[in-house]
Amino acid sequence: MGKGKQRKGKKQEAELLSTLDDFTSKENWDKFFSIKGTDDPFEWYAEWPQLHHLLVSEILGEEKNSTRVVSEVQILVPGCGNSRLSEHLYDDAGFKSITNIDFSKVVIADMLKRNLRSRPCMRWRVMDMTAMQFADKSFDVVLDKGGLDALMEPALGPMLGNRYVSEVKRVLKEGGKFICLTLAESHVLGMFFPKFRYGWKISIHVLPQKPSKRSDLRTFMLVAEKANPTVLQMVLTSFYRDTLGSGDQASGMFEALETENKVRAKWSSGNDILYSLEDLKIGVKGDLSELSPGRRIQLTLGEPGESRFCYKTVLLDAKQNSDDFLYNCGVFFVPKTRSQEWLYASEEGQWMIVESSKSARLIMVFLDSSHTGTTSEELQKDLSPLVKQLAPANIKDPAQIPFMAASDGIKERKAVHQVTSPLTGEITVDDVIYEKVDSELGQIFFSKDLIYRRLTFERSENLIQSEGLLTRERSLQTVSDKNNKSGSSKSKKKGTQTTDSNVSLAADDNDLSVDHGYLASSYHSGIISGFMLISSHLDRMASSRRPVRAVVIGLGAGLLPMFLHGCIPFLQIEAAELDPVVVELARDYFGFREDERLKVHVTDGIKFVGDVTGKAANENNDKLDITGKAADKGNDKLDILIIDVDSPDSSSGMTCPAADFVEESFLKTVKSSLSEEGLFVINLVSRSQAIKEMVISRMKAVFGKLFSLQLEEDVNEVIFALNSEVNTEFSSPDAYNQLEKLLNVKDPGMKKIIIDSAKKIKPLDG
């Protein structure tokens with residue numbers, strides 16, 4: 001008889017465990033509660049003795065001693081199960097207005113039967129906690145005991161958790177509290193904290209453990225109180241970090257907490273705030289139903305469970321009221337390939353788009369890699385219910401909101417090669433034919449069948465690292481049309497015209513090669529234009545048949561070194577590239593070749609420059625003429641040093657170069673590596689004016705003379721530094737003429753581009 005009961009108990013235990021494979025399955029929970037019954041309550045995380053004092057104190061807040069308040073507090077317990085928590089609140093603490101919901105009709109029926117006579121004021125309802133059937137602002141307290149954790153199983157993602165929390169926020173009254181008992185895992189906090197930013201006051205408590213409990217896991221109480229909708233408050237804790245030990249649970253919780261408070265501190269200072277739709281709906285930026293001229297808000301639209309995609313968005317209300325508006329509200333898509341262009345990424349450019357769109361309110365939506373392969377119709381369908389909530393009050397029908405789009409600038413594209421490098425990450429080589437896009441919104445023309453080969457580093461969003469023109473001949477017959485095409489954060493491409501026509505990206509077209517006599521990127525031609533600053537030095541070196549040593553840090557596709565090799569024959573060129581995969585791509589897909597005048601070193605660029613400095617110093621000390629004085633100082637130094645390296649760390653605020661290349665210690669090393677009349681060049685790419693000013697300030701502290709070339713409608717700025725304190729060549733017609741004579745460029749149009757850029761170089765005074 002005893003063995004039969006034992007076997008039955010083990011079988012029942014196995015059946016119970018099998019029901020807990022999926023915490024979100026109603027059928028599983030029905031089966032679980034049918035087996036377990038109501039006499040054996042299932043408590044999540046903590047029991048009444050550990051909860052009592054802290055929980056009652058949080059529910060009552062400042063009115064702990066008011067009997068009237070206790071009896072009138074409206075409490076909702078979602079996912080109640082067969083826990084006795086509600087019964088303890090009713091019997092021991094005096095709370096009578098308690099509503100319990102669960103989507104298991106089995107457990108609700110059992111709990112109703114158990115409590116109907118002894119606790120007549122308590123209510124029980126079968127209901128899904130992610131879609132509650134209550135009116136807005138119905139409850140003073142929503143009390144969750146493990147429900148959020150169950151919905152946030154990592155394998156399920158945040159969709160159900162997002163839906164649930166949105167419902168909690170909806171049903172809470174002003175001043176109400178969401179009290180959540182949780183293990184505070186990082187993926188739960190990562191969803192919870194952003195959902196309760198503006199308009200909420202959050203505190204975290206840790207519950208005392210049962211004396212007999214041996215588990216290392218602690219239960220936390222998160223309390224989110226509905227507060228001032230326009231105030232952003234820091235997340236507070238009622239305990240010290242060292243009281244929890246150093247386990248994974250504690251370290252994960254504190255890491256999530258520190259990350260969130262850093263965001264809140266940054267946003268409190270008014271920097272780069274990215275609002276959510278829920279933030280805006282509670283009035284953080286005023287009444288969105290009314291137009292506010294000049295209002296600009298950055299926000300995210302969509303989340304799991306609410307929409308198919310998440311979108312980075314900017315809302316702009318036209319600066320001035322006008323009778324010329326065609327639309328009260330419009331949506332404007334910016335494709336991934338163009339999102340870094342000045343016109344779309346800068347505030348000034350965005351206001352130009354607003355004006356061109358003829359919209360009183362424009363919602364600019366920036367597409368990214370997650371939207372690849374999605375049709376415009378699918379995007380519109382997904383976005384329509386979201387943008388409707390951002391439309392002015394006079395728009396009742398979403399059909400009144402037009403969807404507009406910028407061309408991605410690409411007429412045709414063919415993927416050539418893709419590889420993942422351990423150092424650089426995912427790298428793509430592709431061939432494209434660009435459209436020619438007129439400056440007026442929506443006016444698009446096709447260029448005349450020019451094919452460009454691009455090298456793209458996916459680690460830097462939208463960064464086209466290098467770009468070359470493909471031709472069937474070794475050089476172009478003419479380069480005459482400089483129409484802008486879609487830009488990137490590192491290279492600005494120029495359209496051209498050739499005598500070829502009707503070229504397409506045929507899969508078997510293998511007779512095309514990169515033309516090394518043409519620079520597709522304006523910052524490359526801008527770099528060379530700066531040679532004007534030392535044109536006399538270069539001319540003297542060429543006349544005396546002395547080699548000029550030039551180093552390029554950052555090979556990319558090898559297009560700049562190859563162009564220099566072809567157009568300035570007296571240069572001795574070396575390139576330093578950290579990633580051997582990049583070197584192989586340059587050789588295999590962009591025609592990069594080494595010879596006695598062009599070498600590549602697979603090495604760290606900073607180390608390479610340091611080695612140059614050390615070697616030059618040692619060799620110069622050893623070289624003495626017959627009088628005992630140092631001979632030919634500077635022969636082993638660099639005449640030209642170019643830094644063209646992208647940054648792997650987007651948090652630095654610079655796309656180019658990596659932050660180490662603008663540290664004061666490296667800049668001093670550069671100065672020591674240069675010859676007396678040497679030229680130092682940095683391709684600087686940053687959208688932060690403060691960062692640009694910081695880089696320039698550091699360079700001014702080390703070098704005598706600085707010059708700048710700001711590329712039109714581009715974030716690239718080429719900075720030139722002279723090792724010499726004296727520069728008599730700047731803006732001299734002779735300097736331009738000398739540079740023109742030094743350039744052995746077959747195409748006159750390419751030479752004109754370089755000289756025109758040289759004339760735009762300006763000194764950085766001060």
Side-chain angles (χ1 to χ4, degrees), residues 272-275 296-302 309-316 330-354 356-357 359 362-376 378-380 382-383 386-387 403-411 413 425-426 428 430 432 434-439 441-442 444 452 454-465 467 484-493 521-523 646-647 650-656 685-688 691 711-716:
D272 300 323
I273 301 176
L274 196 63
Y275 297 99
R296 179 180 179 272
I297 306 171
Q298 298 182 92
L299 67 147
T300 57
L301 280 180
F309 298 109
C310 183
Y311 306 88
K312 180 183 176 183
T313 311
V314 179
L315 180 148
L316 304 110
V331 179
F332 188 86
F333 287 117
V334 180
K336 173 186 174 182
T337 53
R338 304 194 69 186
S339 62
Q340 296 298 318
E341 290 182 46
W342 175 87
L343 185 62
Y344 305 110
S346 68
E347 287 190 40
E348 186 179 354
Q350 289 170 3
W351 287 119
M352 292 174 63
I353 298 296
V354 174
S356 299
S357 71
S359 297
L362 188 67
I363 302 168
M364 294 185 69
V365 179
F366 292 82
L367 303 180
D368 57 35
S369 54
S370 69
H371 308 115
T372 302
T374 310
T375 66
S376 59
E378 291 171 326
L379 291 172
Q380 289 183 34
D382 191 46
L383 268 170
L386 300 175
V387 298
F403 284 79
M404 300 167 274
S407 164
D408 65 2
I410 296 176
K411 174 183 174 184
R413 178 182 181 272
E426 191 173 324
T428 300
D430 61 2
V432 299
Y434 286 108
E435 297 171 348
K436 173 186 170 186
V437 183
D438 188 71
S439 58
L441 185 67
I444 301 170
Y452 294 85
R454 311 187 303 182
L455 180 71
T456 304
F457 291 172
E458 300 298 333
R459 71 183 180 190
S460 301
E461 185 81 5
N462 309 310
L463 174 68
I464 300 172
Q465 206 283 339
E467 182 174 43
N484 291 339
K485 304 188 304 301
S486 64
S488 76
S489 59
K490 190 165 190 288
S491 64
K492 187 76 173 180
K493 300 164 284 293
S521 300
S522 65
Y523 84 93
D646 80 301
S647 173
S650 59
S651 67
S652 69
M654 288 185 293
T655 304
C656 296
V685 184
S686 176
R687 298 196 179 279
S688 168
I691 288 177
L711 302 175
E712 293 180 6
E713 292 197 1
D714 206 342
V715 293
N716 292 67

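The analysis underlying the following values was restricted to heavy atoms, covering all of them including side chains, and did not include hydrogens, waters or symmetry mates.
- Every residue meeting the side-chain hydrogen bond (donor to acceptor under 3.5 Å, both in side chains) condition with Asp382, not counting sequence neighbours, appears here in chain and number order: Tyr311.
- Scanning all heavy atoms of the two residues, the minimum distance from Cys310 to Gly302 falls at SG-O, 3.7 Å.
- Residues meeting the side-chain hydrogen bond (donor to acceptor under 3.5 Å, both in side chains) test with Ser370, sequence neighbours left out: Asp368.
- No side-chain donor-acceptor contact under 3.5 Å links Thr313 and Gln298.
- Applying the salt bridge (charged side-chain N to carboxylate O under 4.0 Å, His left out) criterion to Glu347, with sequence neighbours excluded, gives Arg296.
- With hydrogens and angles disregarded, no donor-acceptor distance shorter than 3.5 Å links the side chain of Ser359 to the backbone of Leu362.
- Contact record, Leu274 with Leu299: CD1-N, 3.7 Å, taken as the closest heavy-atom pair.
- Judged as a ring-ring contact (aromatic ring centres under 6.0 Å, His included), and not counting sequence neighbours, the contacts of Tyr275 are Tyr198.
- Glu426 is linked by a side-chain hydrogen bond (donor to acceptor under 3.5 Å, both in side chains) to Gln418, counting only residues two or more places apart in sequence or in another chain.
- Under the 3.5 Å distance criterion, the side-chain polar atoms of Ser346 are left unmatched by any main-chain donor or acceptor of Leu343.
- Not a single donor-acceptor pair under 3.5 Å links the side chain of Gln465 to the backbone N or O of Phe457.
- Ring geometry for His371 against Phe309 counts as perpendicular: the plane angle is over 60°, on a 0 to 90° scale with 30° as the lower cut.
- By the side-chain hydrogen bond (donor to acceptor under 3.5 Å, both in side chains) test, Glu378 is found to be paired with Thr375, residues two or more places apart in sequence or in another chain being considered.
- What you find for Tyr344 and Gln350 is that their closest heavy atoms are O-NE2, 2.9 Å.
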